[in-house]
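To start, the structure itself, in structure tokens.
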Protein chains: 2
Amino acid sequence: MATRIVEPEAGPRSKRAAILAAAVDCFGETGFEATKWSTVAERVGIGQTALYHYFESKTHCLLTIMRLELQRSHDKFTEATEGVEDPTEALRAAVRAAYDVSDQEVLQMRILHNHMDLLSGTRKSKREEAERVEARKLVQLVERNWTNLLVRGMSMGAFPLRDAQLLGSGVLGLIVSVWRWYRPSGPTPLSEVSELIEGACVRMVAT
Amino acid sequence: MATRIVEPEAGPRSKRAAILAAAVDCFGETGFEATKWSTVAERVGIGQTALYHYFESKTHCLLTIMRLELQRSHDKFTEATEGVEDPTEALRAAVRAAYDVSDQEVLQMRILHNHMDLLSGTRKSKREEAERVEARKLVQLVERNWTNLLVRGMSMGAFPLRDAQLLGSGVLGLIVSVWRWYRPSGPTPLSEVSELIEGACVRMVAT
DNA sequence: AACCTGAATTGAACTGAACTCAGGTTGATC
DNA sequence: GATCAACCTGAGTTCAGTTCAATTCAGGTT
């Protein structure tokens, strides 16, 4: 049912990965609107028009980055929580997993959450729309992950009963709000953020 | 010290307010990038170029909307909390105030938080940069409002001691994360959201 | 009433970045 | 070493945002 998009298998001299990496850097540092599509081409070392061999548009590239990051987040959540039966421990593990990211992934998170609104409206071109739909599915999956975690905790009596959906999006909102301001070069280390948010989440859902 | 920008005093036939209102509708519903500047002009009933009599650019208009919304938020916070000496009650009042908004203000919130990243980098044109700087100042003011509330609660023994700045941006992040998904036409009434988040915030900062 | 001023407006032209097109190059494979 | 798809390019198109010179309009002055 989770129809994962087939990644175009990379021909040996494909620059797709290099383009994605360069785009993540540019979009993450400078912002999507502010970075010229041609700058990404330059950084990869190809002409601007070559980009269109790999991506239908600048936006198609952005949506691809977003989908990949969502896939990663979802996988990480699953990996971190599976087999942890105590709900509170599962919640803690999920939060820690959310902040166990590389600098590159921080950028991807920033890009993702700065352009969530793109996922609302339908896109005109085929491949853009495919990525958008897939990304939306993943968003819902991630939301369900968190909601289910809370539902399980509530039914097991570990968390008091509340609107799990609403509380879930609250927890998720709290966690991702960090990507708005966090900078690897900033004064606050991510480990500190992780600890504080972990505690906050636990208190939020507990008594 | 808080150098509030002097609103250009409205000549009797100024369309500035009408443009702002139309822009909030368009930017809020369709998204800033997706709405054509000329559409805003149409909705107001003037030619596109007339817009430039009031705003230096499409972005200048956006930044103005953002600043106005920040000013409103700040005022509302102050009004809701001043004179409330019990920290928990002040926190509750602040959260309730944050969600005591009209449908128009929901749109403005959405616009504001979808384009926070604009406030990071400097702008080229004068008036855009003026709005940006002012908006940034207001963001810091709002953050300080929440941090101070927590600091006061901690020093009074109402909240356990924690990194107030980090926790403050957490609380704020949780509160504004709602504007990402909330729709007045949606299934969840804002009052319900307000209650759940109010409780969550209190638990987050308390024991 | 004739005149003046500045705010408000406009149509036509400009700009620049995203994108298209019609072909050319490369290199893995047979 | 011929083939063919993957890969790439320069020249040109498009289109939304923007500029500009010129015009209208409303309210006040003489």
Side-chain angles (χ1 to χ4, degrees), chain A residues 6-23 26-27 29-65 111 115 118 121 123-129 131-132, chain B residues 6-23 26-27 29-65 111 115 118 121 123-129 131-132:
Chain A
V6 278
E7 298 295 337
E9 64 246 63
R13 60 195 167 118
S14 168
K15 300 236 170 67
R16 206 183 113 99
I19 292 170
L20 281 170
C26 292
F27 296 169
E29 307 284 3
T30 319
F32 174 71
E33 314 295 343
T35 68
K36 294 185 219 170
W37 200 204
S38 62
T39 304
V40 176
E42 260 176 46
R43 193 171 291 206
V44 176
I46 57 180
Q48 352 181 6
T49 52
L51 293 171
Y52 293 91
H53 181 69
Y54 301 96
F55 297 101
E56 214 170 15
S57 66
K58 192 184 169 191
T59 305
H60 178 223
C61 177
L62 172 64
L63 285 165
T64 303
I65 292 171
I111 295 167
H115 297 94
L118 260 187
R123 304 256 99 209
K124 288 179 183 163
S125 74
K126 269 281 164 58
R127 296 165 70 196
E128 272 184 27
E129 179 64 5
E131 290 286 5
R132 189 197 68 98
Chain B
V6 278
E7 298 296 336
E9 66 245 62
R13 60 197 170 114
S14 167
K15 300 235 170 67
R16 204 183 114 99
I19 292 170
L20 281 170
C26 292
F27 296 170
E29 307 284 2
T30 320
F32 173 71
E33 315 295 343
T35 69
K36 293 186 221 171
W37 200 205
S38 61
T39 304
V40 176
E42 259 176 46
R43 193 172 290 208
V44 175
I46 57 180
Q48 357 179 8
T49 52
L51 293 170
Y52 293 90
H53 181 68
Y54 300 96
F55 297 101
E56 215 170 15
S57 66
K58 193 185 170 192
T59 305
H60 178 224
C61 178
L62 172 64
L63 285 165
T64 302
I65 291 171
I111 295 168
H115 297 94
L118 261 187
R123 304 256 99 210
K124 289 181 182 164
S125 74
K126 269 282 165 56
R127 295 164 70 196
E128 272 184 26
E129 178 64 4
E131 291 286 7
R132 193 201 65 120

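Each chain gets a letter, A, B and so on, in the order the sequences are listed, and its residues count up from 1.
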Which nucleotide sits closest to the side chain of Ile46(B): dT9(C), dC19(C), dG10(D)? dT9(C)
Any donor-acceptor pair under 3.5 Å joining the side chain of Arg13(A) to the base of dA28(C)? no
Figure out the OH/P separation between Tyr52(B) and dT18(D), and round it to whole Å. 4 Å
Nearest-Å distance, CZ (Arg16(A)) to P (dA6(D))? 14 Å
Would a 4.5 Å heavy-atom cut-off, applied to side chains only, mark Val44(B) and Leu51(B) as touching? no
Check every strand shown and say whether Thr35(B) touches a base, only sugar-phosphate, or nothing at a heavy-atom separation below 4.0 Å. sugar-phosphate
Without decimals, in angstroms, what is the distance between Glu128(B) CD and dT18(D) C1'? 12 Å
Proximity to the side chain of Thr49(B) - top-ranked nucleotide from dC19(C), dT19(D), dA8(C): dT19(D)
Report yes or no: does Glu56(B) contribute a side-chain atom to a donor-acceptor pair with the main-chain N or O of Arg127(B) at less than 3.5 Å? yes
Leu62(A) CG to dA17(C) C1': how many Å, rounded? 17 Å
Would you say a side-chain N or O of Lys15(A) is under 4.0 Å from OP1 or OP2 of dA6(D)? no
Spatial distance of atom CZ (Phe27(B)) from atom OG1 (Thr39(B)) [nearest 0.5 Å]: 9.5 Å
Does the side chain of Arg123(B) reach to within under 4.5 Å of the side chain of Leu63(B), using non-hydrogen atoms? yes
Rounded off to whole Å, could you give me the NZ-to-C1' distance for the Lys58(A) and dT14(D) pair? 16 Å
Taking Lys58(A) for its side chain and Thr35(A) for its backbone only, find out whether a donor-acceptor pair lies under 3.5 Å. yes
For the side chain of Ala50(B), starting at C-beta, report the closest nucleotide among dT9(C), dT18(D), dC19(C). dT9(C)
N or O in side chain of His53(B) less than 4.0 angstrom from dA8(C) OP1/OP2: yes
May I ask you to say what Tyr54(B) touches in the nucleic acid, namely base, sugar-phosphate or nothing, with a heavy-atom cut-off under 4.0 Å? sugar-phosphate
Whole angstrom is fine here: how far is it from CD1 in Ile19(B) over to C1' in dT9(C)? 11 Å
Can you find a donor-acceptor pair, distance only, under 3.5 Å between Ser38(B) side chain and dG17(D) base? no
Could you give the CD-to-P distance, from Gln48(A) to dA18(C), as a whole number of Å? 8 Å
Scanning all shown strands, the Watson-Crick or wobble mate of dA8(C) with both distances under 3.5 Å is dT23(D)
For atom CD of Glu33(A) and atom C1' of dG17(D), their distance in whole Å: 14 Å
